[in-house]
Each structure stands twice: as structure tokens, then as C-alpha cells.
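Throughout, a chain's letter reflects where its sequence line sits, starting with A, and its residues are numbered from 1.
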Amino acid sequence: MPRLQNIKWIIGILYFSTTCLAAQPASESAGQEACGVITDSLGTIQILNSSRTELVYGGKKSAVPCGGWISLATQSWAKIQHREGYVIHLSQGSFVQFLDGQTPSKELAAMEYIAGDRLILYRGQAYLVSRNGMPPLYAMTANSRARLSEGAVILVYDAEAEKSQLVTLEGQATFENRFQGARKIQVSAGEASDLTLKEIRLIPSIAHGVTVASLKSKLDELQVGSPEANGAIRHAVKRMERKFASLESVQMGEPHEADESTEPEEPEADKLHSHFIKKVTGDPEDWAKVKPMKEEKKKLMKELSGLLKEREL
Amino acid sequence: MGVTVFRQHSFAPNSIWARYKEAFVSVHKKVEHLQKVDEENEKLNLENANLRVRVEALQFDCRAQDAAKKTQELGLKFNQETGSRVGRNLASITYKIPPEMLPYQLFPLAVSYFKSRQDEKAAVILTFLTGMEDDRSYRTPRNLLMTGIAWYRLDHYSAAQEYFEQVLKSDVPTSDERGRQIYDQALLWKALTFERLGKHKDSQLTLRRLLDHNPHSREAAWVNGREAIRATASKH
């Protein structure tokens, strides 16, 4: 009988030891509101809650608490589904804080935080998608703020160069100096805008086309799915073609047609601008008429030279 | 508790149970040690993560404060230089004129940029073309007006003002319709620039000058539609 009792003890103690050492499941921080959930990931991802008391190694289905930080090691990436519906992809080396978008405290408001800020990009790059019906997505870096109503963008912050960049892949987004919101730069699909105060300018650069090669590497790093990536590349190519068109027009000696503005319109001068453009540089429709006429002239000249050659022969 | 009881229990020496006990105690010690190490590791990880957040937050705050300070300083500088805190000058525009292009090729490029609201590029090229010392063929009232407008759109009001002034001082043939339009529009843009600079009185005076110069023009009608209608009516 005592032997049987010994065996019972051993089994009981072993069971107790193993249950104590069993791995704890990655759970949502107690009392913390989740701002998003990791839907897919690779590599080492650390999630720290807003009170900095709980560290979780993020993986699939890990919650990202509001006010919490997420840090990605090298060769890591994460896809996050935000509670508002936004899709957020982060690439390696990124360090991001998630905010709840509520009105900031006085201290934060003094640092130009605004209601609606959802994400702070401390370093690295983020792919952000917002769809129709979702509240506008505000994401900020140390010096800039991007606003996305509908579409997809890549926000990059190079901490060493203190440079922010917004690349729009789909739709339209605005980009501004966080401390000088008077001038917002509109960035359309296939375009990018940069902001660095080292260049002695207060507002981001005017939107310019992005090369497909540079875009591809970013899309790969951010694990953007192929339909979205193809769409982004298509937009970039289209934007670059627009640039070629302007160069072509130089050879032809014609200005190309006006397209979207890169700056917000000024209501008082708007009327004058549009009228002036027509008055001084001519109506864009008139310019459109010139091109076919020139082509016709070229054809006629060719025919004439052909006839002259025949006559000489 | 169970472990202590098990440890204290005496088995016959060299019996199989004594061996089991020895092995169990040894394994348990190791498990306990591993558990301690694991807990310590977790604590250290948490501390590291905390420190990292603190470092990143401090760096972020420093960069943000630096950006705020630079924005304020540059704003003041630009305000003095351009008349606007967000004004852009030639030094702050990164665009460089394509060196392989000749002026007659640059001009349509500048016009196309002007029309497509790529004002920085348009301003750079037009400033270059209108400022050429050896070739003054591009220094026409129309081009000067376009240059002024490009700078106005870039919030460089003092530069814009200079160009509008040059248009008004140049020999614009106001007898023909085209010349008159350019003159009137330069006046209008000048008035807008004064308005932007907060010089409301100067703005009013410039607009009055426009109305006096050509009260029946379309430009005058923009300023005061009723004035144009009234003036036309008085003709009858």
C-alpha cells in the first residue's frame, strides 16, 4: 500500500510541475482596449501595452492594445487589422504606437497631436489602407502627418535623415508638416512627397512620380498582396507616362493639358487663376486643336516632297 | 509542499524508489532553476522593452521638438523674406533646370508646368528665362506676369510683387486688347498680393487704379460687377 501511495505522489507532483511550467498563451492585456489584431506575421514582434507592464511576443491573432507599442526586428513583418477597419502592414525595423483617435490631453495637444491620430510611426515604414465608410486615417511621424480618406499609402520615416515620405498607391492622400498645417500637399496615386526640414522648406515637396523599381522593393518589404501591388505599379507607370507626355510636348512646342492641382485652392484667387490661364496662355481646348493640325501639316509636307521627287525623276 | 514531503520520505537505501527519488529531486531542482531563469529572462525582456520605448519616445520627442523649433524659425525667416510663413524661395526648391535644354525648349516646358499647377518648376524656369541678361526676348510682360503668378502661388509675395510691378512699368501696349488685359490682370494680381500681405489700403488703391484705368473691362467687372453694369448703363 505505501508503494502505491508513493506512485500517486510522484504522478501528482509531476503533473503539478508540468502545469506550472506550461507556456502561457499570448493574451490581450487585462483592462486594455485592443486597437487591432495581427492577422499574419513573420519574425520577432514585440508588443508592449500602454502602461508598459506587459510584453507579448506577437504572432497571429495577437492583440495590439490602444496606446501600446509594436516593434519589429529585422526580417520581420506584420499585417494588422485595425478595429476601425483599416489594414496596416509594418515592415522590418519599424516601431509604431497605436492611438485610439480620441481627443488628446493638453500635453499632447501642445505637441500638435490631434483627435483622429491613429498611428505614430517612430521609425520604419507602414502600408495603410482605408476604405469608404471608415473615418479618415491620420498617421504621423516626428515632423509630418498624413491623412487618408480612401485608398492606400505607404508612410516612411527615416529617423537618421529626419525625413518623412508619403507614397500614394491608390486614391488620394494629403501630407503636411505637423507644425504647419496651413499648406497640405495632395498626393495622388503613383506619386510621392517628402518632408525634411533640413532642406530649408516648411512644407512637403510637391508630389512627384515614383519609379517602379523603388516601389517594388517597398511593396515586397511590406508584404502587399499581388492585386494591390499590381494596381500600385500600374498607377506609378501611368504617372510616369504623364511626365513623358510633358517632355514630348516640349519637342512639339506645346503645353500639355492641365491636370489636378498639387495645392489646396484659394477661393478668392481661384476664379482669377482659371480665367487667367485661359486669357494668357490660351484655352487648353485650343492647344488640343493644334496637335492634329500639325500632324496634318507633316503629312502634307511628306506628300509634297514625294511629288517633288517624282517630278524631278 | 508535495515535493518537500517526497524529499523527506525515506526509502530503503539502494532501492529502486530511492533512485527514483534521487532522479526526481535532481530533475525538479533543474526545473526550478529553469523556471527562475525563465522568469528572470521575462523580466529582463520587459525591462529592455521599456527602455527601448523610453529611448524611442525620447528620440521622437526630441525630433518633434526640433521640427517644431525649425518650423517656427524658418517661418519667421520666410515671413520676412517672402511675406508668408510658408513661402518658398529659389533656395528651398530642389528642382533644377535641365541643363541640356535650350531656352526655346524650356519656355513651352515652363508653360506646361504653369498650366498643370507644378508651380515650383514653372517659377524656377520662368525666373531663369525672364532674368537672362544676354537674351531679353523672354522678358515680355506676359512672361513676367506668369512668373509673378507662379511666385504668388508659392506664397512668395514679395517676389510676386516685384514681377507685377515690372509688368506695370514695362511698355505694355495698352491700346490693343491683349496688352490691356495683361496690364489689368497685373493690377488685379498685385491687389491680391497686397491683400495677402495684409496691406488692405494698398490693395484697395490698386483696385481703384484698375477701375479708373479701364472701368468697362472684364477685369474691372470681377472687382465690382455692378460698377461695370452701371458704367455701361450710363453710356445710353
So, do [X] and [Y] sit near enough that their side-chain heavy atoms are less than 4.5 Å apart?
X	Y	result
B/Arg88	A/Ile206	yes
A/Glu162	B/Asp66	yes
A/Leu48	B/Leu46	yes
A/Tyr57	B/Asn45	yes
B/Lys77	A/Ile200	yes

Measure distances from B/Phe78 to the heavy atoms of chain A and classify the residue's part below 4.5 Å as side chain, backbone, both or neither.
side chain
Heavy-atom cut-off 4.5 Å, strictly under: side chain, backbone, both or neither for B/Gln59 against chain A?
side chain
Could you grab the distance from atom [atom1] of [X] to atom [atom2] of [Y], nearest 0.5 Å is fine?
X	Y	atom1	atom2	value
B/Glu56	A/Gln97	CD	CD	11.5 Å
A/Phe179	B/Lys70	CZ	NZ	12.0 Å
B/Thr71	A/Asn143	OG1	CG	8.0 Å
A/Glu54	B/Glu42	CD	CD	9.5 Å

Heavy-atom pair count under 4.5 Å with chain B, highest-scoring of A/Ser71, A/Ala159, A/Ser144, A/Ser205:
A/Ala159
Which heavy-atom pair separates B/Phe60 from A/Leu121 by the least distance, and what is that distance?
CE1-O, 4.2 Å
Quick one: which of B/Ala57, B/Ala68, B/Ala49, B/Cys62 has the most heavy-atom pairs under 4.5 Å with chain A, could you say?
B/Ala68
